[in-house]
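Read through the structure below, which is laid out as structure tokens, and then see the notes.
Below, each value reflects all heavy atoms present in this structure, side chains not excepted, and no hydrogens, waters or symmetry copies.
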Amino acid sequence: VEMHAILAEFGLPLEFPESVLRAAVEIRNGATEEEIARRRDVRETPTITIDPDDAKDLDDALSVRKLENGHWEVGVHIADVSHYVTPGSVLDMEAASRATSVYLVDRVVPMLPEKLSNDLCSLHADTDKLSFSAIFELDDQANIKDEWFGQTVMRSRRRFAYQEAQAIIDGQGEGPYKEEVLLLHRLAQILRKERIARGALEIGGNEVKFKLDADGKPLGVYEKVMGPANWLIEEFMLLANKRVATWVNKNRKGNAAPPFVYRVHDLPDPEKVEQLRALAKSFGHSLRVAQDEDLPHAISRLLHDVKGKEEENIIKQVAIRSMAKAVYSTENIGHYG
């Protein structure tokens with residue numbers, strides 16, 4: 001009853017209209033010989049997915065292989081939803097009105113019908129999938145030597161749960177594609193270290209999750225801990241996000257170019273930064289922007305100073321609230337993905 005009350009309160013639809021379900025049923029798998037022929041074929045490259053063990057829609061995959069010159073080819077792949085959801089179709093109109101999938105404690109209210117979200121546009125292992133890919137040539141220090149973006153056809157070889165990938169990273173896991181996981185982890189660590197050195201903030205807190213029985217009755221609460229396996233995926237998604245946005249921004253030809261959606265962060269709210277400074281001071285810490293330094297580096301230093309101390313969580317929370325939320329916009333105001 002409580003879940004239904006939340007659905008009603010926020011106007012979340014319980015089910016899809018009949019016309020939308022009918023349209024979904026009629027959609028055929030797009031990985032035909034003809035379609036595959038016009039795409040870059042990356043099915044032979046070792047490719048894996050890493051997701052929560054209860055995930056039904058597998059949105060993204062990573063591939064890696066060694067090139068003849070000793071560099072690494074790393075591919076970041078996402079399902080090509082646009083092949084199936086065409087502009088102006090009933091599926092498109094329904095998805096636009098829903099705007100996003102909504103995750104509640106006991107269910108997902110999906111943006112697209114299950115045939116798309118959990119089947120055709122989910123990167124399940126051992127099936128050919130139409131995808132969009134960002135493919136990078138990286139050297140041993142994760143420097144980008146070349147990049148390519150476009151439509152592909154890919155095939156995941158192995159589905160990992162985060163716990164399985166984490167066990168491999170911790171030296172306790174065995175099995176196929178162990179080497180690929182360890183290599184991707186090593187490169188991700190380098191990317192993460194460089195990102196933090198440039199001023200990215202390490203604010204991530206752990207998420208609270210609920211254990212439910214078969215009838216949806218809550219049995220308990222546990223903390224979902226983020227670890228290197230989560231960061232591995234995050235780093236390559238961020239890399240693809242940034243490089244695609246940079247490429248589009250560089251190649252746009254004036255006002256005639258079609259609109260592109262950027263994820264932008266505005267500058268922090270000065271008043272909220274002052275509140276953070278006052279709070280830090282009350283605990284004996286300082287938020288001081290040194291010469292030749294910007295605010296993110298100063299906040300990063302503050303967060304490093306409070307790590308492991310009693311006041312860490314409250315200062316983290318206020319730091320998050322001082323930041324401008326990321327928004328999606330066709331206007332690139334800087335600090336974008």
**OP:** For the pair Phe149 and Phe136, evaluate side chain to side chain contact (heavy atoms under 4.5 Å, CB included) and give the outcome as yes or no after the intermediate values.
**Re:** CA-CA 9 Å; Phe149 312 115; Phe136 302 99; 4.2 Å; yes
Original post:
Side-chain contact, heavy-atom cut-off 4.5 Å: Glu137 with Asn69?
Top reply: yes
Original post:
Under a single-linkage definition using a 4.5 Å side-chain heavy-atom cutoff for Ile, Leu, Val, Met, Phe, Trp and Tyr, are Ile78 and Leu184 assigned to the same hydrophobic cluster?
Top reply: no
Subject >> Pair Asp140 + Arg186: basic N to acidic O under 4.0 Å >> reply: yes
**OP:** Return yes when atom CG of Leu212 has more than 12 non-hydrogen atoms of other residues, nucleotides or ligands closer than 6.0 Å, and no otherwise.
**Re:** yes
Original post:
Quick one: does Ser89's side chain get under 4.5 Å of Leu91's, heavy atoms only?
Top reply: yes
Original post:
Is the closest basic N to carboxylate O distance between Glu73 and Arg40 below 4.0 Å?
Top reply: yes
Subject >> Short side-chain to backbone donor-acceptor contact, Asn143 and Asp139, under 3.5 Å >> reply: no
Subject >> Minimum-distance pair of heavy atoms, taken over all atoms of Pro87 and Asp92 >> reply: CA-OD2, 3.4 Å
**OP:** May I ask you to decide whether Glu34 forms a salt bridge with Arg38, counting only side-chain N to carboxylate O separations under 4.0 Å?
**Re:** no
Subject >> Side-chain donor/acceptor of Asn251 to backbone N/O of Trp247, under 3.5 Å >> reply: yes
**OP:** Take Glu271 and Gln275 through the side chain to side chain contact (heavy atoms under 4.5 Å, CB included) test and state the conclusion after the steps.
**Re:** CA-CA 6 Å; Glu271 198 176 309; Gln275 289 171 1; 4.3 Å; yes
Subject >> Under-4.0 Å salt bridge between Lys309 and Glu312 >> reply: no
Subject >> Gln166 side-chain N/O to Ala229 backbone N/O, donor-acceptor pair under 3.5 Å >> reply: yes
**OP:** Taking all heavy atoms of Ala188 and all of Phe236, pick out the closest pair and write down the distance.
**Re:** CB-CE1, 3.9 Å
Original post:
Side chains of Arg159 and Leu58: does their closest heavy-atom pair fall under 4.5 Å?
Top reply: yes
Subject >> Main-chain N/O of Ala197 paired to His297 side chain as donor or acceptor, under 3.5 Å >> reply: yes
**OP:** For Tyr336 and Glu331, indicate whether the former's side chain and the latter's backbone hold a donor-acceptor pair under 3.5 Å.
**Re:** no
Subject >> Non-hydrogen side-chain atoms of Val181 and Ile169 separated by less than 4.5 Å >> reply: yes
**OP:** Test side chain to side chain contact (heavy atoms under 4.5 Å, CB included) on Ile135 and Val74 and set out the steps.
**Re:** CA-CA 6 Å; Ile135 296 176; Val74 175; over 6 Å; no
**OP:** Measure across Leu302 and Ser286 and return the closest heavy-atom pair with its distance rounded to 0.1 Å.
**Re:** CD1-O, 4.0 Å
Subject >> Main-chain N/O of Ile168 paired with Lys178 side-chain donor or acceptor, under 3.5 Å >> reply: no
Subject >> Side-chain donor or acceptor of Ser101 paired with backbone N/O of Met111 under 3.5 Å >> reply: yes
**OP:** Check whether any side-chain N or O of Arg192 sits under 3.5 Å from a backbone N or O of Pro228 as a donor-acceptor pair, and report yes or no.
**Re:** no
**OP:** Indicate yes or no: does Arg43 engage Asp41 in a salt bridge with an N to O separation below 4.0 Å.
**Re:** yes
Original post:
Near Glu114 CD, under 6.0 Å, is it more than 12 heavy atoms from other residues, nucleotides or ligands?
Top reply: no
**OP:** Quick one: do Leu104 and Met3 satisfy side chain to side chain contact (heavy atoms under 4.5 Å, CB included)? Show the steps, please.
**Re:** CA-CA 8 Å; Leu104 301 177; Met3 287 297 126; 4.2 Å; yes
Original post:
Any luck finding a side-chain donor-acceptor pair between Thr47 and Ser156 under 3.5 Å?
Top reply: no
Original post:
Hey, quick one: are Leu238 and Val244 part of the same hydrophobic cluster, counting side-chain heavy atoms closer than 4.5 Å, chains of contacts allowed?
Top reply: no
**OP:** Following the transitive rule for hydrophobic clusters with a side-chain heavy-atom cut-off under 4.5 Å over Ile, Leu, Val, Met, Phe, Trp and Tyr, establish whether Leu62 and Leu138 coincide in one cluster.
**Re:** yes
**OP:** For the pair Phe160 and Tyr162, evaluate ring pair (Phe, Tyr, Trp, His ring centres under 6.0 Å) and give the outcome as yes or no after the intermediate values.
**Re:** CA-CA 6 Å; Phe160 284 94; Tyr162 279 120; over 10 Å; no
Original post:
Do Arg158 and Glu164 meet the salt-bridge criterion of a basic N to acidic O distance under 4.0 Å?
Top reply: yes
Subject >> Nearest non-hydrogen partners of Asn230 and Val225, listed with the distance >> reply: OD1-O, 4.2 Å
Original post:
Can you tell if the side chain of Trp72 reaches within under 4.5 Å of the side chain of Leu183, non-hydrogen atoms only?
Top reply: yes
Subject >> Heavy-atom side-chain contact between Arg98 and Pro13 under 4.5 Å >> reply: yes
Subject >> Lys115 and Leu120, any side-chain heavy atoms less than 4.5 Å apart >> reply: yes
Original post:
Is the closest side-chain heavy-atom distance between Leu67 and Lys145 below 4.5 Å?
Top reply: no
Subject >> Linked, directly or transitively: Leu112 and Leu130 (ILVMFWY side chains, under 4.5 Å) >> reply: yes
Original post:
Is there a donor-acceptor pair closer than 3.5 Å between any side-chain N or O of Arg195 and the backbone N or O of Ala200?
Top reply: no
**OP:** Evaluate side chain to side chain donor-acceptor pair (under 3.5 Å) for His285 paired with Glu311, printing each intermediate quantity in order.
**Re:** CA-CA 10 Å; His285 303 287; Glu311 62 270 25; 2.7 Å; yes
Original post:
Hey, is the main chain of Gln172 close enough, under 3.5 Å, to the side chain of Asp170 for a donor-acceptor pair?
Top reply: no
Subject >> Between Ser133 and Thr152: side-chain donor-acceptor atoms closer than 3.5 Å >> reply: yes
**OP:** Assess whether atom CE of Met93 is packed by more than 12 heavy atoms of other residues, nucleotides or ligands within 6.0 Å.
**Re:** no
Subject >> Heavy-atom closest contact (Pro46 atom, Glu180 atom, distance) >> reply: CB-OE2, 3.8 Å
Original post:
Do you know the tightest heavy-atom contact between Arg157 and Glu44?
Top reply: NH2-O, 2.6 Å
Original post:
Same cluster or not: are Leu279 and Leu303 linked, directly or through other Ile, Leu, Val, Met, Phe, Trp or Tyr residues, by side-chain heavy atoms under 4.5 angstrom apart?
Top reply: yes
Subject >> Arg39/Asp80 salt bridge by N-O under 4.0 Å criterion >> reply: yes
